[in-house]
Asker: 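Okay, handing you the structure first.
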Amino acid sequence: MASGVSVDDKVVAAFNDMKVRKHSTPEEIKKRKKAIIFCLSPDKKSIIIEEGKEILVGDCEECEDVYKRFVDMLPKDDCRYALFDACYETNETKKEDLVFVFWAPECAPLKSKMIYASSKDAVKKKCTGVKHEYQANTYEDVQDRYNLAIKLGGQSVVSFEGKPVGSCR
């Protein structure tokens with residue numbers, strides 16, 4: 001915790017809920033989180049769940065493009081952390097992996113970029129077991145799902161969130 005910022009217990013609980021997959025009823029599956037965004041508390045002393053910034057698996061049925069919806073939740077001018085439960089397909093198999101996203105847009109205030117960067121390790125230590133980390137600094141970085149697909153599985157990824165990787169470009 002180089003920045004002195006702590007991680008709220010609700011962040012850890014949300015991460016664990018996303019990480020642990022239980023055999024569930026269809027209704028329970030619909031309530032599982034697909035994506036969630038974390039931010040600094042107003043006093044800048046802890047990392048909390050940003051209110052209203054989550055996507056449930058059940059929401060994906062109504063949404064044509066869940067990844068675009070996730071990208072649209074990121075603020076244009078400030079930093080955030082996010083967890084995204086990415087579904088993708090390689091030449092061999094279908095996969096689901098949690099991705100830790102560090103969103104630090106170029107136009108964010110310098111002080112915000114510094115505190116988010118110095119607090120990132122605190123979040124990662126509390127949220128152990130994330131297989132992939134993705135840092136995006138422009139909307140082009142994060143909107144181009146091809147960049148994230150390659151990070152997940154290299155050239156063998158053929159689809160990401162139900163869309164062919166070739167059409168992601």
Side-chain angles (χ1 to χ4, degrees), residues 1-3 5 7-8 11-12 14-15 17-19 33-41 44 46-57 59-60 63-90 95-169:
M1 289 195 316
S3 66
V5 174
V7 179
D8 188 83
V11 169
V12 177
F15 165 74
D17 286 347
M18 289 178 76
K19 183 173 86 167
K33 291 173 178 48
K34 174 74 176 169
I36 191 161
I37 295 182
F38 309 121
C39 64
L40 286 170
S41 60
K44 309 269 191 266
S46 63
I47 297 162
I48 59 172
I49 295 173
E50 188 167 3
E51 195 170 323
K53 299 288 184 153
E54 68 177 32
I55 301 172
L56 302 178
V57 170
D59 298 340
C60 299
C63 179
E64 185 177 315
D65 187 345
V66 70
Y67 185 71
K68 181 183 180 321
R69 183 171 172 194
F70 167 70
V71 169
D72 289 346
M73 289 189 333
L74 297 170
K76 295 184 183 344
D77 58 357
D78 205 359
C79 302
R80 291 295 186 270
Y81 307 113
L83 283 173
F84 185 79
D85 189 4
C87 297
Y88 60 103
E89 194 172 340
T90 67
K95 296 183 175 187
E96 274 188 74
D97 285 329
L98 276 181
V99 180
F100 176 77
V101 178
F102 175 37
W103 170 242
E106 293 171 342
C107 60
L110 180 59
K111 187 174 183 176
S112 180
K113 286 193 255 188
M114 288 172 54
I115 195 163
Y116 272 88
S118 64
S119 303
K120 182 175 78 168
D121 282 342
V123 178
K124 286 174 53 181
K125 284 179 183 166
K126 292 280 188 169
C127 300
T128 57
V130 172
K131 192 170 180 183
H132 303 281
E133 182 180 337
Y134 184 60
Q135 180 170 335
N137 300 99
T138 67
Y139 267 103
E140 291 75 28
D141 290 344
V142 77
Q143 284 175 326
D144 187 353
R145 62 184 84 218
Y146 177 78
N147 293 333
L148 184 51
I150 293 301
K151 187 97 171 154
L152 292 169
Q155 298 295 326
S156 68
V157 176
V158 294
S159 74
F160 178 76
E161 291 301 326
K163 300 199 183 292
V165 171
S167 70
C168 294
R169 298 229 70 199

Asker: Taking the side chain as C-beta and beyond, is there a heavy-atom pair between Leu98 and Lys19 under 4.5 Å?
Answerer: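 The answer is yes, as the side chains (C-beta and beyond) meet within the 4.5 Å cut-off.
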Asker: Between Arg69 and Asp65, is there a side-chain N and carboxylate O pair less than 4.0 Å apart?
Answerer: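 Not counted as a salt bridge, because no side-chain N and carboxylate O are separated by less than 4.0 Å.
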Asker: Taking side chain as C-beta onward, heavy atoms only, is Phe38 less than 4.5 Å from Leu83?
Answerer: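 Phe38 vs Leu83: side chains touch.
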Asker: Do Asp85 and Lys33 pass the side chain to side chain contact (heavy atoms under 4.5 Å, CB included) test, and can you show the C-alpha distance, the side-chain angles, and the key distance before you say yes or no?
Answerer: CA-CA 8 Å; Asp85 189 4; Lys33 291 173 178 48; over 6 Å; no
Asker: Has the side chain of Lys151 got a donor or acceptor atom that lies under 3.5 Å from a matching backbone atom of His132?
Answerer: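 Not at all, since once roles are kept as given, no pair shorter than 3.5 Å links the two residues.
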Asker: Partners of Lys113 by salt bridge (charged side-chain N to carboxylate O under 4.0 Å, His left out), sequence neighbours excluded?
Answerer: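 Testing Lys113 for salt bridge (charged side-chain N to carboxylate O under 4.0 Å, His left out), a comparison that skips the adjacent residues, returns none.
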Asker: Where is the tightest heavy-atom contact between Leu74 and Ile37, given as atom of each residue plus distance?
Answerer: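 Scanning both residues, the minimum pair turns out to be CD2-CD1, 3.9 Å.
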Asker: Determine yes or no for a side-chain-to-main-chain donor-acceptor pair under 3.5 angstrom, with Asp97 supplying the side chain and Ala86 the backbone.
Answerer: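 No, Asp97 side chain to Ala86 backbone: no donor-acceptor pair under 3.5 Å.
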Asker: For residues Asp8 and Ser46, is any side-chain donor paired with an opposing acceptor at under 3.5 Å?
Answerer: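 Looking only at side-chain atoms, Ser46 and Asp8 do not form any donor-acceptor pair under 3.5 Å.
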Asker: Salt bridge or not for Glu161 and Lys34, using N-O below 4.0 Å?
Answerer: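 Judged by the 4.0 Å cut-off on N to carboxylate O distance, Glu161 and Lys34 do form a salt bridge.
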Asker: Check step by step if side chain to side chain contact (heavy atoms under 4.5 Å, CB included) holds for Phe102 and Asn137.
Answerer: CA-CA 9 Å; Phe102 175 37; Asn137 300 99; over 6 Å; no
Asker: Would you please test Cys39 and Ile48 for side chain to side chain contact (heavy atoms under 4.5 Å, CB included) and show each step?
Answerer: CA-CA 6 Å; Cys39 64; Ile48 59 172; 3.9 Å; yes
Asker: Answer yes or no: is there a donor N or O on one side and an acceptor on the other, between the side chain of Lys120 and the main chain of Tyr81, under 3.5 Å?
Answerer: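 Such a contact is absent between Lys120 side chain and Tyr81 backbone.
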Asker: Who passes side-chain hydrogen bond (donor to acceptor under 3.5 Å, both in side chains) against Lys95, sequence neighbours left out?
Answerer: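 Result, side-chain hydrogen bond (donor to acceptor under 3.5 Å, both in side chains) vs Lys95: none returned.
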Asker: Working to the nearest 0.5 angstrom, can you tell me the gap between Ile55 CD1 and Met73 CE?
Answerer: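 Output value for this atom pair is 4.0 Å.
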Asker: List the steps, then state whether side chain to side chain contact (heavy atoms under 4.5 Å, CB included) holds for Arg80 with Lys53.
Answerer: CA-CA 11 Å; Arg80 291 295 186 270; Lys53 299 288 184 153; over 6 Å; no
Asker: How close do Asp78 and Pro109 get, heavy atom to heavy atom, and via which atoms?
Answerer: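 Asp78 and Pro109 have their closest heavy atoms at OD1-CD, 4.2 Å.
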Asker: So, Thr138 side chain and Asp141 main chain: donor-acceptor pair closer than 3.5 Å or not?
Answerer: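 Yes, Thr138 side chain to Asp141 backbone: donor-acceptor pair under 3.5 Å.
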Asker: Could you tell me whether the side chain of Tyr139 and the main chain of Pro105 form a donor-acceptor pair under 3.5 Å?
Answerer: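 No.
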Asker: So which heavy atom on Leu40 is nearest to which on Tyr116, and how close?
Answerer: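 Looking at all heavy atoms of both residues, the shortest contact is N-OH, 2.9 Å.
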Asker: Give me the atom names and distance for the closest heavy-atom approach of Ile49 to Val11.
Answerer: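 That closest heavy-atom pairing would be N-CG2, 3.8 Å.
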Asker: For Ile115, is there any backbone N or O sitting under 3.5 Å from a side-chain donor or acceptor partner on Ser118?
Answerer: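 Present.
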Asker: Return the minimal non-hydrogen interatomic distance between Trp103 and Ala136, and the atom names on each side.
Answerer: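 That would be CE3-O, 3.4 Å.
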Asker: What's the shortest heavy-atom distance between Asn147 and Glu140, and which atoms?
Answerer: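 Distance-wise, the nearest heavy atoms are ND2-O, 4.0 Å.
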Asker: To the nearest 0.5 Å, tell me how far Met114 CE sits from Cys79 SG.
Answerer: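 The SG atom of Cys79 is 11.5 Å from CE of Met114, to the nearest 0.5 Å.
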Asker: With a 4.5 Å limit on heavy-atom distance, are the side chains of Phe100 and Val123 in contact?
Answerer: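 When only atoms from C-beta onward are counted, Val123 and Phe100 do touch, with a gap below 4.5 Å.
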